[in-house]
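Here is the structure we will look at, set down as structure tokens.
All values below were derived from every heavy atom in this structure, side-chain atoms included, with hydrogens, water molecules and symmetry-related copies excluded. For reference, positions follow the sequence shown, starting with 1. For ligands, and for the atoms within them, numbers begin at 1 and follow the listed sequence.
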Amino acid sequence: MTEKPANKDPFVAMVTARADVNLRLSDFHPRSMLLTPVHEVNRPKFPVIDYHNHLDAQEPREVLKIMDECGIEKIVNITMLTGEAALQMIRKYHTASPDRFATYGWMDWSEVQSTGFFQRSVERLERLVERGACGLKIWKDLGTLVKDGDGKLLRIDDERLDPLYEKAAELSVPIMYHIADPDAFFLPIDATNERYEELAAHPEWSYHNSHFGKLELLAQRDRVIEAHPKTTFVGAHVAEHPEDLAYVSKLLDSNPNLYVDIGARCAELGRQPYTAREFFLKYADRILFGTDLIPEVNMYRLHYRFLETRDEYFEYPSHASRQGRWNIYGLFLPDDVLRKVYRENAIRLHARH
Ligand SMILES: [Zn+2]
């Protein structure tokens, strides 16, 4: 009796068959066949403060309508404008509704190469706060793009910025850091990159060839947070490292002056629901609700579904190009945690403003 060659055995053939298809990734939109409970959450269980948004291009009246419909008490507008335009933006939202909007200033790097810049930064912060700003955002151009007077890339932990952080402590306003980006943005845009489509839509978001690698950027930031215990810092986007919540936990453990927001990171948190839920329970006093997305009813409702329900495998709130090809799971956070994350932590940060 002759043995059949292995590849002819029907079972072996079945389990080793592989597809070789040429359907374009952009045309592939699978629909999940799962039938699991669906709980749409139209309004949050408790009032919400959206601590991370950008409203410069929005009309306050229109935003207020969405806020009313979605149970949003207040939005913190992180203006991306600087100088006189930033002061006008503060005024625009303050005039529209002083109780429903607050404004963060944006680090102004103009004239960074001229003498006196670092002292001027301190004065600029004073002016912003005088005019009503409730914090200052420092963006990822620091550490990747901004160069000093000698043409050298400015490090995040450059000590010439120390007086700025000290001034923020004196004025009781937090510094929000958004330095670095998702881990995958630092890798080549290729078939192994989990955010391939997003990077294909925004190739300029790639930091594959950045001077400092991601972990080095985080390390520089972490040194600043540690060196200024009297300054309150907000690590935007789960301190830029939701892919590794053990890292963020350690950072929170060693720095009581640090908070994190969840802006634009439901996708990361919601695909690791067991770890993320534990993280929320443990750091309930340090996590801020934030969206970093254009105010829209469905966007807010997806956040509530994520934080409040135990629904499984549903779409995450996102910008149009999506963040990755996966879905998320609800965290069914208890009421006391929801209250803190939705609102109370943000109130505590701005108790003096
Ligand atoms: Zn943002």
Side-chain angles (χ1 to χ4, degrees), residues 48-58 60 63 66-67 72 74-82 85-86 89-90 92-93 101-109 128 133-146 156 168 173-186 195 198-199 201-202 204-207 214 217-218 221 232-243 248 258-270 287-296 299-300 302-303 306 316-324 341-342 345-346 349-350:
V48 162
I49 296 178
D50 180 352
Y51 198 81
H52 187 145
N53 213 314
H54 304 280
L55 302 178
D56 289 353
Q58 308 299 322
V63 179
I66 290 164
M67 291 165 73
I72 306 283
K74 185 182 254 192
I75 298 184
V76 177
N77 175 30
I78 302 164
T79 180
M80 298 171 83
L81 301 167
T82 55
M89 188 55 70
I90 296 174
K92 170 173 150 184
Y93 276 95
F101 297 110
T103 307
Y104 250 66
W106 188 263
M107 181 66 185
D108 185 354
W109 294 110
L128 278 166
C134 66
L136 180 73
K137 167 121 171 222
I138 298 184
W139 198 52
K140 59 193 176 184
D141 43 0
L142 174 62
T144 58
L145 274 178
V146 179
I156 296 165
V173 290
I175 298 283
M176 182 187 281
Y177 267 135
H178 170 179
I179 55 94
D181 259 336
D183 290 6
F185 287 15
F186 289 78
R195 297 175 77 140
E198 185 183 24
L199 287 165
H202 311 275
E204 73 282 5
W205 288 1
S206 173
Y207 283 105
K214 166 137 182 192
L217 289 168
L218 297 185
R221 174 202 63 188
T232 302
F233 291 91
V234 175
H237 314 302
V238 199
E240 305 303 340
H241 217 15
E243 296 95 332
V248 182
L258 175 66
Y259 287 69
V260 298
D261 79 43
I262 62 166
R265 293 300 180 272
C266 291
E268 295 297 344
L269 296 164
I287 302 171
L288 300 155
F289 179 91
T291 61
D292 200 17
L293 288 167
I294 292 173
E296 280 168 356
M299 179 280 276
Y300 279 118
L302 279 173
H303 280 86
F306 168 54
Y316 53 82
S318 167
H319 48 257
S321 56
R322 310 296 293 163
Q323 295 180 299
V341 170
Y342 272 162
N345 295 337
L349 271 190
H350 294 289

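Ring orientation note: the planes of Trp205 and His202 are close to parallel, at an angle under 30° on the 30°/60° scale. Ring orientation note: the planes of Phe186 and Tyr207 are close to parallel, at an angle under 30° on the 30°/60° scale.
In this structure, Val248 and His241 approach most closely via the heavy-atom pair CG2-O, 3.4 Å. Residues Ala180 and Lys140 share a closest heavy-atom pair of N-CB, 3.8 Å.
In the model, His237 has no side-chain atom that pairs as donor or acceptor with a side-chain atom of Glu268 under 3.5 Å.
Annotation: side-chain hydrogen bond (donor to acceptor under 3.5 Å, both in side chains) contacts of Tyr51 (sequence neighbours excluded): Tyr104, His350.
Taking distances strictly below 2.8 Å, the protein N/O/S atoms close to the Zn ion (ligand 1) are His52 NE2, His54 NE2, Asp292 OD1.
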